[in-house]
Amino acid sequence: MKQTLFGKLYFLLFFVLPTVVLAQGTIKGNTTDESGMPLPGVNVVVKGTMNGTTSDFDGIYEIRVNNFPATLVFSYLGYADKEVEVTGTSTLDVALKESATGLDEVVVTGLATSVKRSNSANAVASVSAAELTGRTPPSTLDGALYGKFAGAVVNSNSGAPGGGISVKLRGATSITGNTQPLYIVDGVYIDNSSIAGGLNVVSEAAGQGSDANQDNPSNRIADINPEDIANIEILKGASAAAIYGSRAAAGVVIITTKKGVAGETKFKFSQSTGFSQAIRLFGLRNYTEDRVFDLFYSPSDDPSEDQSSRDAANAQVALFSQAKNSGGLIDYEKEIFGEKGLISITNFSMSGGDEKTRFFSGITYNNENGIVKNTGYEKASIRLNLDHRATDYLKFALSSNYIYSSSDRGFYNNDNTGATIGVGLVSTYPWYDLFPNADGVYPDYALGASNILQTRDQVTNNEKINRVIMGGTANLDIYKAEKSNLELILRGGLDFYQLQTRAIFPKDLQFQKPSNGGRNGVSVQGETINKNYNLSAFLVHNYFTENNLRFRTQAGLTNEFFDRNTDLITATGLVASETNVDQAANTGVDQTRVRQEDAGFFVQEEVNFQDKIIATVGLRGDKSSNNGNANEMAYYPKASLALSLNEFDFWKEDSFWNQLKLRVAYGEAGNFPPSGALFTSYNAFSTDGILGISLIGRRGDSELKSERQKELEFGTDLNFFNGRLGLSATYYIKMVDDLILLASLEPSTGYTQRYVNAGSLRNKGIEISLNTVPVATENFQWDLGVNFFKNASEVTQLDVPAYNTGAFGAGLGSYRLEEGKSATQIVGSYGDELRVIGDGEPDFQMGFSNNLSYKKLQLSFLWQWKQGGDNINLTNLLSDLNGTSADYDDITLDPAGVTPNGKYRPDANADVFVQDASYLRLREIGLYYTLDSENLPNVFGDYVESVKFGLSGSNLINIFDYNSYDPEVSNFGGGTIFTGVEVTPFPSSKRYMFNVAINF
């Protein structure tokens, strides 16, 4: 009996065991792109299981399959997924195709990990290298973001070369604190400050109205070279940015630079050459003898004064007639802003490596002249990125970048002395000759404080940057098992720069002469040393269950250090032609030191059930030396849920509806109090040689809390026709509690102001993105992308009396904080009454991106439409008061149809200066032709892979009714929500470029 049973079992195993063995096996091979280049890091997964692996640096993979037949799914950032059925052990090489819609690309949502976009529960926007620089070379990185994704208001504060752009995500996030996102480049926290150069000592712009920065400095994110960037991910809301804690209330912009690819070393050279010119100029007023006489004649009841005024007016008429008859009327606006600034941008990069080490290196040199003489922007950038796999379980990455830049920005914006070029221009009449004589001596302008040509030619306003950005990452696989693995990630980064500002006003300038009330020459020299560095350590644990449930657990510690020291030395009464600050009669020194250390932890758990249900919960804890209690911890939670209905069994695989994802997310983030808000600061002073200190009038409060942002967002992602049509929609509600405001104090306290937590702010908005491929044939393809967004803010609580802020008073139009009203409402005074006359926030914005390709010819263009949003245009006021407005004699504003515009505006209510800043703009356009290997061997042999050349431009078509150079403007820079105040700015420009790129 036993022998019979044993024999039966032996017989059964003899036939069954080979079948079981044959049902298991190993699949290995190479992963490449369509050109045959290896793709490292490709995800390879057995479909329907959590059994997976990734390809190595050389694109080689190997995976154990437990049951045949099986389907392997290959996925990689920026490429379409590919499924291949395997029936047994074999070698399988797979080439992946670039994705048309990018729905399955990987996006960064945490400090240490990323997630497939189709599984993300947050509305994370991505901008690729092709979108950044593919149409036309941008002047700066932030300037390349216009119109490319929903939810961002990108605004140029000035047309001066070298930057000055603000980016605001999802509306107003603070009144007095930071309003711009946190920038992170390859894991390095990047400083994006705008540091004034001390021009106020001459302009005295802060002597009246707002004391906010009006020096028109550039911003430091402009230093980053757009050509080095592989992709940008924008975490717009607190639900996505909560993991970054106390610096993330305004969103997070994560920038990843280019990496090397294993294989033969590849080289790329590109050269762009072109010019810029002003988008729009006003032109001259149509002067006549009668109009000149009326301009200068002021009737008087006193016969003597009346005759004197007549004589003065007739003298001006005589000068005008003489200049007119001799053809000597001078268009000074064209003389100042009419230059065609030459542009040259040169890039060279190389990348390559082997299975152990990969590298990318790039060099860029920009040289751009402005539309005003003696303005321009020069930048040199050198980058080296290295990736090295020391062992199978240990790899390193190094990102390094050195930047030098020099920006000559001219002397513009508001002033109270008539010294800036813009303010001087509106009071300069065309019948006066202000050009230098044969000896180079400029005449004084008899009717104004300055000779604007002399100011343009002799004033120096320069910023120089030397900057080093370095980041390093080490990844250690502590263990790998069939169902789990554990990885340690160590990261560090340094952002160090030296900023030198030089503002020099020679003593022979008209407004510097003591006889004209000047300071006999001014030299302002500033130096800022900024050092930021960050350290972090993370553990990432993945666990897979038998029922295809995946857990990813993250925990980490972070530490950030910020140290900035600014010295500003002001010298007046210069000796002869000296500009050294020690060669002066008077010197003054201002020093500002800002030091801060932040430390925190985070934990996060992600649960993924078969890509059907993806849930995430996390918590960030932060403490900072910028808190009244440096050891007090602030906690920021986050949670999200994504439901992919298309992954469920009831979904038809052959349906034209390929994706239906529902998502909801909640998160909190913080915003530190402004510098100097927690503790009372003092100023030094001396009396009769005795040194002392004095209060600055603003009392500190160590109990002041950080602003806390809470955001809830709902959304859906749809995809149809195998990726030909994709739609994403998001609705969000964002609350900002413990709003930090400036409150007035009774003078008897010895102070005038203090910061208080005194309100709440709410934003509601909607974002819609559409990506489609309307036409796709063998030779022709049309890709279309449309994004739409709108935001509405409301001050929901205000514990201090409503007050005006952010401009020059209600008589000219002013922002006003008032409970129950928009945070960016604009009011004007009508007698003793205040009325709402505008709002700085747009009604909506849209972007229209088109890419049409026919064989090797490509046409790509981007339109941007901003509807609504008002500016306070005080350039009109100043030109009216001086009788130089181009539309001075038009009668379009007076309801009675009697009074010319130039006389009507100054006597009217503030609403004539609050103007609609809507526009439709052709942001970018490029037309290119590519010669590839089919055309090139007869010319270049095998050395050149492709040559791409074409024409491009930016801001070429601009449609708006706004009565100035450009609706995009901000006299007070980008560090506030109260933008759109205009006072004689540096005009914006359009760019025309010829581009050629060679790959070899």
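Computed from a predicted structure; not experimentally measured. Residue numbers count from 1 along this sequence.
Counting heavy atoms from C-beta on, the side chains of Pro985 and Ser158 never come closer than 4.5 Å. Counting heavy atoms from C-beta outward, Val524 and Thr501 have side chains that stay 4.5 Å or more apart. Side-chain atoms of Ile234 and Val167, non-hydrogen and from C-beta on, never get closer than 4.5 Å to each other. Looking at Ser218 and Arg409, their side chains come closer than 4.5 Å, going by heavy atoms from C-beta outward. Annotation: side chain of Glu968 is in contact with side chain of Tyr146 (closest heavy-atom distance under 4.5 Å). You'll find the side chain of Glu818 stays beyond 4.5 Å of the side chain of Val795, heavy atoms only. Contact of the Leu817 side chain with the Leu741 side chain is registered, since non-hydrogen atoms from C-beta on lie closer than 4.5 Å. No side-chain heavy atom of Asn216 sits under 4.5 Å from any side-chain heavy atom of Asn157.
When the side-chain contact (heavy atoms from CB on, under 4.5 Å) test is applied to Thr528, the partners found at least two apart in sequence or on another chain are Ile195, Tyr497, Leu499, Arg564, Thr566. Scored by the side-chain contact (heavy atoms from CB on, under 4.5 Å) test, Gln498 finds Asn466, Gln500, Glu527, Ile529 as partners (sequence neighbours excluded).
Closest non-hydrogen pair, Asp142 versus Asn219, comes out as OD2-ND2, 2.6 Å. Scanning all heavy atoms of the two residues, the minimum distance from Asn155 to Ser970 falls at ND2-CB, 4.5 Å. The shortest non-hydrogen separation linking Ser706 to Asp738 is O-CB, 3.8 Å. The two residues Thr420 and Ser203 come nearest to each other via the heavy atoms CG2-CB, 4.3 Å. When all heavy atoms of Asp215 and Asn200 are compared, the pair lying nearest together is OD1-N, 3.5 Å. Considering all non-hydrogen atoms of both residues, Ala205 and Asn416 come closest at O-ND2, 3.5 Å.
A donor atom on one side chain and an acceptor atom on the other are not found under 3.5 Å apart for Gln180 and Asn178. Judged purely by distance below 3.5 Å, without hydrogens or angles, the side chains of Asn565 and Asp563 never pair a donor atom with an acceptor atom. Between the side chains of Asn763 and Tyr732, not a single donor N or O lies within less than 3.5 Å of an accepting N or O. Inspection of the Glu841 and Asn791 side chains reveals an N or O donor paired with an N or O acceptor under 3.5 Å. In this structure, a donor-acceptor pair under 3.5 Å is absent between the side chains of Tyr755 and Gln753. Judged purely by distance below 3.5 Å, without hydrogens or angles, the side chains of Ser624 and Asn626 never pair a donor atom with an acceptor atom. A donor-acceptor pair shorter than 3.5 Å can be found between the side chains of Asn532 and Asn530. Side-chain N/O atoms of Glu982 and Asn871 include no donor and acceptor closer than 3.5 Å.
Between the side chain of Thr680 and the backbone N or O of Arg699, no donor-acceptor pair lies under 3.5 Å. Formation of a donor-acceptor pair under 3.5 Å by the Asp191 side chain with backbone atoms of Ser193 is found in this model. Between the side chain of Asn192 and the backbone N or O of Ile221, at least one donor-acceptor pair lies under 3.5 Å. Using a distance-only test at 3.5 Å, with no hydrogens or angles considered, no donor-acceptor pair links the side chain of Ser536 to the main chain of Leu557. Counting only distance, with no hydrogens or angles, the side chain of Asp870 and the backbone of Val914 share no donor-acceptor pair below 3.5 Å. Using a distance-only test at 3.5 Å, with no hydrogens or angles considered, no donor-acceptor pair links the side chain of Gln709 to the main chain of Ala669. Side-chain atoms of Asn534 come within 3.5 Å of backbone N or O of Gly187 as a donor-acceptor pair. Asp622 places no side-chain N or O within 3.5 Å of a backbone atom of Gly245 that could act as its donor or acceptor partner. Looking only at distances, a side-chain donor or acceptor of Asn559 sits under 3.5 Å from a matching main-chain atom of Asp598.
Aromatic rings of Phe602 and Phe538 (six-membered ring for Trp) have centroids within the 6.0 Å cut-off, being under it.
Distance check: Leu494 CG to Tyr189 OH gives 14.5 Å after rounding to the nearest 0.5 Å. The CG atom of Asp737 sits 10.0 Å away from the CD atom of Glu707 when rounded to the nearest 0.5 Å. Rounding to the nearest 0.5 Å places CD1 of Ile190 at 5.5 Å from CZ of Arg467. Separating the CG atom in Asn757 from the CD1 atom in Ile740 is a distance of 5.5 Å, to the nearest 0.5 Å. In this structure, Gln825 CD and Leu834 CG are separated by 9.5 Å, a value rounded to the nearest 0.5 Å. Atom CD1 of Ile977 sits about 12.0 Å away from atom OG of Ser166, to the nearest 0.5 Å.
More than 12 heavy atoms of other residues, nucleotides or ligands lie within 6.0 Å of NZ in Lys168, so this atom counts as buried by the packing criterion. Within 6.0 Å of CD on Glu703 lie no more than 12 heavy atoms contributed by other residues, nucleotides or ligands. Atom CZ of Phe561 has more than 12 heavy atoms from other residues, nucleotides or ligands within 6.0 Å.
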Which atom pairs, one a donor and one an acceptor, fall under 3.5 Å between side chains of residues 805-816 and the rest of the protein, sequence neighbours left out?
from, atom 1, to, atom 2, distance (Å)
Ser814, OG, Thr805, O, 3.4
Tyr815, OH, Thr979, O, 2.4
Arg816, NH1, Asn804, OD1, 2.8

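Test Val983, Asn971, Thr984 against Leu874 for side-chain contact (heavy atoms from CB on, under 4.5 Å) and you get one pass: Val983. Partner of Glu794 under the salt bridge (charged side-chain N to carboxylate O under 4.0 Å, His left out) criterion, chosen from Arg762, Lys821, Lys734: Arg762. When each of Asn413, Asp415, Asn414 is paired with Gln214, the side-chain hydrogen bond (donor to acceptor under 3.5 Å, both in side chains) condition holds for Asn414 and for no other.
Ionic pairing of Arg170 and Glu767 is present here: one or more N-O contacts between side-chain nitrogen and carboxylate oxygen are shorter than 4.0 angstrom.
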* Verify side-chain contact (heavy atoms from CB on, under 4.5 Å) between Ile465 and Glu463, making sure each step is shown before the conclusion. => CA-CA 7 Å; Ile465 276 285; Glu463 298 177 350; 5.9 Å; no
* Test side-chain contact (heavy atoms from CB on, under 4.5 Å) on Ile826 and Phe978 and set out the steps. => CA-CA 10 Å; Ile826 301 174; Phe978 306 119; over 6 Å; no
* Take Val202 and Phe411 through the side-chain contact (heavy atoms from CB on, under 4.5 Å) test and state the conclusion after the steps. => CA-CA 10 Å; Val202 175; Phe411 188 33; 4.0 Å; yes
* Run the side-chain contact (heavy atoms from CB on, under 4.5 Å) check on Leu145 and Ile232 step by step: do they pass? -> CA-CA 10 Å; Leu145 298 179; Ile232 299 177; 4.1 Å; yes
